[in-house]
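Reading through the structure tokens given below for one structure.
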Protein chains: 2
Amino acid sequence: MIDALRVLDGVMRLADLVQRDMAEPFAGTSLTMSRAALLWVLHSTGPSTQQALATALDVTPRNITGLVDGLEASGHVARAPHPIDRRATLVTLTDLGSEVMQQMVAQREHMADDLVAELTPAEREALSAGLEKLADRYETMLAAREGKGSP
Amino acid sequence: MIDALRVLDGVMRLADLVQRDMAEPFAGTSLTMSRAALLWVLHSTGPSTQQALATALDVTPRNITGLVDGLEASGHVARAPHPIDRRATLVTLTDLGSEVMQQMVAQREHMADDLVAELTPAEREALSAGLEKLADRYETMLAAREGKGSP
DNA sequence: TATTGTTATACTCTATAACTATA
DNA sequence: TATAGTTATAGAGTATAACAATA
């Protein structure tokens, strides 16, 4: 099944490129990939408790404390008291944080256009569908493994 | 260009899955992703100097020192004197290291088969070709950015 | 003089465990 | 009693800079 390995190689190579692509833009900035991921969640879902962030990013609450500390120091987010639960804190994007996120969204769109610039509409359609199928299958496999590995 | 974003989303999602897929199997082991990546280079290219490893993995020589220290302690690799250059050390896979790599290769093949199990040969072909095109394009974009960003 | 690997130092991400304040 | 966040502690990955041995 040489076919299969060729597909997997393509996926791996692409995954590697994506990773390097996402790490680079922040070089020199105070933004790291983990912190940018947190900003992305805030941008997508709005002000969130640290618990919610921990769940969304699949890390421990302690880890969120550190990330929010960093982002607060750099002025990208602010901590506010939760309106009804005095144990919790609401993390919100500051103006700077919102600006940065808008830039990231724009850059992402630009990147997406660039990426498929040389593909015909039919090719894009086929690729989109194929990627989706592959990701669905992959997700199923990972879920099955988790259920088996650590029940 | 909603098309473009759909393709990029598929790529991102897949990249994320790959990352989680690669991180999980080592949980509980002394093998981490970075160390496994080093083993992979050794398996692919044979005994290497630490300089060569640093270049292959795109990290600093200092970083390699740490990774090799860990892998030496866990018995996966061994340091040997370089036959002609007495400054350098040759890092080689031990028997244990080779065994682990053979398991990883087998597991990877199995995974690849699973991943494309529900695709027709034509779909596989289309997907392989599309992924390759996308990765090539991506690589070109990253190279262009590097040339412009930090000359 | 240039290269190979190491020690020294520092920062980020990550985790577990114990603790405080609130529900 | 359970939950939200923090302090304490620890390990891995990563980087820069200075240094020793060798080329």
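Labels below follow one simple rule: chain letters A, B, ... track the order of the sequence lines, proteins then strands, and each chain is numbered from 1. What you see is a predicted model, and the numbers here were worked out from it, not measured in a lab.
- Between C/dG5, D/dG13, C/dA15, one nucleotide has an atom nearer to the side chain of A/Thr60 than all others, and that is C/dA15.
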Query raised in the report: Between B/Val91 and B/Ser48, is a side chain to side chain contact (heavy atoms under 4.5 Å, CB included) present by the stated rule, with each step listed?
Result: CA-CA 5 Å; B/Val91 183; B/Ser48 313; 5.7 Å; no
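- Using a 4.0 Å cut-off, no side-chain N or O of A/Gln50 falls inside it from OP1 or OP2 of D/dG5.
- In this structure, CE of A/Met22 is placed 13 Å from P of C/dC13, rounded to the nearest angstrom.
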**Report entry** B/Leu119/A/Leu134 under side chain to side chain contact (heavy atoms under 4.5 Å, CB included): CA gap, chis, key distance, verdict
**Finding:** CA-CA 9 Å; B/Leu119 300 180; A/Leu134 218 55; 4.1 Å; yes
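- Side-chain atoms of B/Tyr138 and A/Met111, non-hydrogen and from C-beta on, do get closer than 4.5 Å to each other.
- Residues passing the salt bridge (Lys or Arg N to Asp or Glu O under 4.0 Å) test with B/Glu125, sequence neighbours excluded: A/Arg6.
- For the side-chain hydrogen bond (donor to acceptor under 3.5 Å, both in side chains) condition, the pairs that include at least one residue of residues 92-112 of chain B, sequence neighbours left out, are A/Asp9-B/Arg108.
- A heavy atom closer than 4.0 Å to some atom of DNA chain C occurs in B/Thr65, B/Arg79, these being the qualifying members of residues 63-79 of chain B.
- At a threshold of 4.0 Å, the pair A/Glu139-B/Arg13 counts as salt-bridged, since one of the basic side-chain nitrogens sits closer than that to a carboxylate oxygen.
- Distance, A/Leu57 CG to C/dA15 C1': 15 Å, rounded to whole Å.
- Taking atom NE2 on A/His82 and atom P on D/dT6, their separation rounds to 14 Å, with Å as the unit.
- Pairing each heavy atom of A/Ser128 with each of B/Val7, the nearest pair is OG-CG2, 3.3 Å.
- Side chain of A/Arg124 to backbone of A/Val116: a donor-acceptor contact under 3.5 angstrom is found.
- For residues 33-41 of chain A, proximity to DNA chain D is found at no residue, defined as any non-hydrogen atom under 4.0 angstrom from a strand atom.
- In this model, the phosphate group of D/dA12 is not approached by any side-chain N or O of B/Thr32 to a distance below 4.0 Å at OP1 or OP2.
- Rounded to a whole Å, the CD atom of A/Gln51 is 11 Å from the P atom of D/dT6.
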What N/O pairs connect the protein and nucleotides 19-23 of chain D at under 3.5 Å? Give each pair on its own line.
| residue | atom | partner | partner atom | Å |
| --- | --- | --- | --- | --- |
| D/dA23 | OP1 | B/Arg86 | N | 2.8 |

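- By the neighbour-count criterion of 12 heavy atoms within 6.0 Å, atom CE of B/Met33 is densely surrounded, having more than that number from other residues, nucleotides or ligands.
- The CG-C1' distance, from A/Asp58 to C/dT14, rounds to 12 Å in whole Å.
- Closest to the side chain of A/Arg62, out of C/dA15, C/dG5, D/dG13, is C/dA15.
- Applying the side-chain hydrogen bond (donor to acceptor under 3.5 Å, both in side chains) definition to pairs two or more places apart or across chains, those involving residues 76-88 of chain A are A/Gln50-A/Arg79, A/Asp69-A/Arg79, A/Glu72-A/Arg79, A/Ser74-A/His76, A/Asp85-A/Arg87.
- Remark: B/Lys133 does not engage A/Glu118 in a salt bridge, criterion side-chain N to carboxylate O under 4.0 Å.
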